[in-house]
Each structure stands twice: as structure tokens, then as C-alpha cells.
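Contents: one structure, followed by commentary.
Residue numbers count from 1 along this sequence.
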Amino acid sequence: MMIIRATRLCVLLLSAALAACGGNSGGGLMTNPTPSPGPAPSPTPAPTPTPVATPSPVPTSSPTPAPTPTPGVSPTPTPTPTPVVSPTATVDIEGRVTYDFVPHRSSGRGLNYLGTEARPVRATTVQLLDASGQVIDTAQSDDDGNYVLTGEPETDYRVRVLAELSNSSPSWYITVNDNTAGNAQYALDGNLFSSGENGNIRDLHAGSGWTGADYTEARSAAPFAILDSVYQLVDTLVDEGFDDTLPAVQLRWSVNNRANQGELSDGNITTSSYLPGIGAIYILGDKNSDTDEYDRSVVQHEFAHYLEDNLSRIDSIGGEHSPNDQLDMRVAFSEGFANGVAAFASGTGYYEDSGGPAQAGGFRIQLEATTHNRGWFSEASVGNIIYDIADASSDEGDFLSLGLLPIIEAMQSTGYVQASALTSIFLFLDEFGENADSNVETGLSELMELHDINGTGPFGEGETNDGGISVTLPVYLDLTLGNAIEACSRGDEEHKYNAVENRRFLRFTVENEGFHRIRIVKTDTGTGDKDPDAVLYKNGNQRSRLESEFVNSEERVLSLSAGEYVLEVYDFNNIDADAVGGAVCFDVTVSEEG
């Protein structure tokens, strides 16, 4: 079998750094022991059809000649014979579609090619094509990869399997495409064959391309491995009662996709990631460095970001991240949520990522928490909480077993989607517990205590865990119109763009619609010139960006409607890649214009 690209027919051992929205896709901190790969299993060939005799044609009945009538007053009319119509014969072409699945090693470090197994290609579109490439019939493979198509006898056909999942209720259309070939959709084509007199059996198998020491053959299985990881997650939600519409999304994978910056169409995707602005998921395919087609955790993590964006709201500012980092609360929530979803959907309880020469390196993170006390700024804490709410097993402080759907439903609620507060573990827990019974409330309280999260409400009021960084609290500063308030922050020592201490959040309420002046001025705290910037939000939507090149101050007059706002304030020098990590304080004022 060969893989072709068809155009579409009629969107952490803890030292390893995870790049923006992705798995350990940036690499760099993974160890890569020498692999001990074995030969990949040989693909199952399609059986040769058994020769059959050519069928005899069905004879056409001839009408009996009309007799010469006897003359009379009322002659008997000549009967009109009823023609005999030959039925159109059809035959079934059926078979099973499988792909090479390469599991992770039991240690969690790298892929185990010796354990490669043929798994069914599930819920995927299968087509019957005639010799000219016209689609004659279409079916969908079942959960064991079986399909049945209908054609005519003694006709040349080909079976094609499209790398796509489609469904009407719940509704989705999910494809795997090659971003280095004009986003062409992947497909697996069988050989041309004759349907014979009584039909034919055509099994198709997509091989991994691994031949013992390297990928030296076509990596036909990759698109279907990626698709099956998505199917596993979607099927988990459907089993729990999910019934919603998902917008069409492409998962873009290529053997040329590598961890470089540049044009996406050239394969320079930086990391496996979901890009909200594009609405697509990009997956690394760089062998012997970082390729993610068999990293279910990575694929499901990115698909969870897609769900967050399209079913709820996604406020994350992205950037590099790892479980040990103290992150902007929006990043911590989004990445932790995606980790927890992946660990639950895969059924392993782990986040796993392979990489390095021969895909023999990598890491594994256990989402069933064994250590606690990180906080509201930790993706590890958020991931543990999400997983513990969903999973069926119990450990210290975890007796909830609610599945994924209640988590998704809480994030779909109006109170969450239209909240004034930005997304965080505070907003999520407040909304999740809104209609919870006493047992669930107790369970949530115990999980929060284990992770040293003690703020209440969507704004985390009363939080006392500052992570050893005093400028992080309170989580939100309360600003009164007309009165200045001091907001202090500092740059992260590792120059992280998304560290918890880089930005301060202020909330204020506009009572009267009209023009308002926002003024940010550097105080005596902080050496050298500073570049204050800000972003204004209302109900989670970006209202304005205040980004001028003025030194030590920022000012803007905006027309604001009544309601509650959040103002994010920071020094550009503390989020720039070349930042020196200086501390700075600003006096912030919002006032009505007369």
C-alpha cells in the first residue's frame, strides 16, 4: 500500500520545558539513550481475488406474435406484452483497515518499536473508486476497522481510505493534512483490482515506515495514528453524553514539520501546537529529533486546546511552560486543563512525549498527583485537579469521579464564558462548584487545600500563596475610578514571557458610559527607563491595547460602556526575550473625562 495526498473532496519529568501549547516539542532537555528498536511488523497484503467464471448474460424475452384476428363486430384487441427488465447486479467489496501503532516503552522514555501492533482505523471514511478515479460508493469503518462498499461485478476498482473523521450528530469534521503540500488531505490507496462475479475482500494496512533502525519507508500510518488519538478523546466525550457541534478542524502533520521558526508551509512550526487564529493544529514530524504522531498525549493535549477555544474561551497568552514553572494564571489553567484531559482520555493517567534519535528519549508525567503544594500559578496543580475530578481512582484528597463532560459543561456555561475575570483555576472552580452538591463541594475544597489554592470566587480573593514572589498578590488589585493605585511587577530571571510576576491585573467598574482616561506612570521603584503597556478586557474580550513608545508612561482616552473591566499592566522590558528582569512599580489611574 502507498500513501498519497488527495485534495479535500466536494483546525513533565519536570525539567523538560514544554513549548507554547505543545508537548516537549522544543526538545533540548530530553535525554536520548541508544534505542533498541526491532523490526516493524510487515503490513498485511490485500488478498488476491479468486478467479471466477464470466456470468452468462440474462436473455431478453421476445413477445409472442399476435394472431390474425377473426373479423367481427368487436374484434379482440392484440395484447401488449409486458417487457422483462434485467435487474442490475451488485456485489460487495468489504475488508478491514488497520495501521501500525507504536506504543511508548513501559518506562515512559521513548517509543517501543518491538511492541508495534496493527490497530483498526476507526470511524474513517472509506471510498470505492473506479479505474478513472470517480467515487462510486462511500462507507465508514466501524470500531474494528471493517467496512462494506457496493459496486458492480467484473469491474475494476480501488479502495481509498481518507484521513478524516466525520459525524452528523454530534457534528464534527476532522482531517489530517500536509501543511507542506498546500494542506492536501492524506489518504491511503489500495491497488486496482477486479470486483469479480461475487465481490471481493480488500484489507488495507498503513505501515509505520520503520524498518529496524530508521524510517526508510513511507510513514503511511502517521495520519491515522494522529486521527485515532483524536477519535479516542471525542469518543470518550460522546460516551459521557456530549452532544454538540464542533467546527471543522485540520490537524496538519508532515515529515518536514520541525522545531524551527519560519513559514508554516515550509514545516517550520516551532512546536506541536493549536493556533487559535488559524483554527488548526500543527504536529511535529521530524524523525530522530521530535515527531509526535505516536505521542497520544501531545495530540490530545492540542485537541483539548481546540475544544477550549471552540466550546468555551481561551485567554492563554502562550509561551514556553513546564510543570515546575510559576506561570501566568491563564497559561497555567489552559496547559493544565489540556494535560488533564489527555491523561484521562488516553486511559493511562500520564502525559507522555517521545523524542531524540530513534525516538528513544522523552519523558512521562503522572497526573494522579503524588506531590502537591504548588498553587494557582502551576499547570501541574491545575492538571492534577482536572484529572482528579474526572478519574475513577481515588488517592489522597481525591474521591471525585465525574468524568470529562461536567468539566467541559462548566467551561461552556454563560457564567464562565462571559465572566469579567480572566480564565484561571479560580474562575473554573467557582463555576464548577456553582450548582454542585455538598459532596462535590467538599471534594473541590480538599483538592484546593492539597494544592495550596485558597482564594475564593472568580477573582481568587483572599489568596495567600504568592509562590515566594510578593508582587503576585493580590491576584487582582481593586481600582476605584479617579484614584491612583500602585501596581508592581518584575521580570522573570529566566526571561520568560509568561511568568506569573510579569503582569498585574486590576479590576474596576464603569458606572456611566462615556470617555475615560487610563494613565500609567512609573514611580521611583525600578532603575532605568521603563515602557509601561496595558491591555483592557471586558467580559474576557480584548477591548483595547495601550502600547506606545513613550518612556515611563502610557496614556489613552477611550469610550467605555458601563460594566466591569480588567486592566493588565506590565513593563514591556519584562516580557521581551532580552529582558533583564527588573522590578518596577506604576501608578495606575482610570478617571472619567468631563
Item to check | Side-chain donor/acceptor of N502 to backbone N/O of K496, under 3.5 Å | outcome: yes
Item to check | Test item: side-chain donor near acceptor, D587 and T523, under 3.5 Å | outcome: no
Checklist entry - Does E293 reach the main-chain N or O of I226 with its side chain, forming a donor-acceptor pair under 3.5 Å? => result no
Checklist entry - Does N539 use its side chain to pair, donor to acceptor, with the backbone of Q418 at less than 3.5 Å? => result yes
Checklist entry - Should R517 and E555 count as an ion pair when the cut-off is N to O under 4.0 Å? => result yes
Checklist entry - Is atom CD of Q261 surrounded by more than 12 heavy atoms (other residues, nucleotides or ligands) closer than 6.0 Å? => result no
Item to check | Check: R504 side chain, V471 main-chain N or O, donor-acceptor pair, under 3.5 Å | outcome: yes
Next on the checklist: Tell me every residue that passes ring-ring contact (aromatic ring centres under 6.0 Å, His included) with F428, counting only those two or more places apart in sequence or in another chain.
Outcome noted: F333, F432
Item to check | Sidechain-backbone polar pair: S378 side chain, G375 backbone, donor-acceptor under 3.5 Å | outcome: no
Item to check | Ring-face cation of R503 near Y497 (centre distance under 6.0 Å, axis angle within 45°) | outcome: yes
Item to check | Among S544, S420, S561, the one residue meeting side chain to side chain donor-acceptor pair (under 3.5 Å) with K538 | outcome: S561
Item to check | N498 (side chain) donor-acceptor with D328 (main chain) under 3.5 angstrom | outcome: no
Checklist entry - For D478, what residues pass the salt bridge (charged side-chain N to carboxylate O under 4.0 Å, His left out) criterion, not counting sequence neighbours? => result R507
Next on the checklist: For R330, is there any backbone N or O sitting under 3.5 Å from a side-chain donor or acceptor partner on S334?
Outcome noted: no
Checklist entry - Any donor-acceptor pair under 3.5 Å linking the side chain of Q326 with the backbone of G467? => result yes
Checklist entry - Okay, side chain of S470, backbone of D466: is any donor-acceptor separation there less than 3.5 Å? => result no
Checklist entry - Looking only at atom types and distance, does a side-chain atom of T271 sit under 3.5 Å from a main-chain N or O of S273, one as donor and one as acceptor? => result no
Checklist entry - What residues form a ring-ring contact (aromatic ring centres under 6.0 Å, His included) with F586, not counting sequence neighbours? => result none
Checklist entry - Going by atom types only, do D437 and N439 share a side-chain donor-acceptor pair under 3.5 Å? => result no
Next on the checklist: Parallel, tilted or perpendicular, judged at 30° and 60°: which one describes the rings of H301 and H321?
Outcome noted: parallel
Item to check | Crowding at CD, E263 (>12 non-hydrogen neighbours, <6.0 Å) | outcome: no
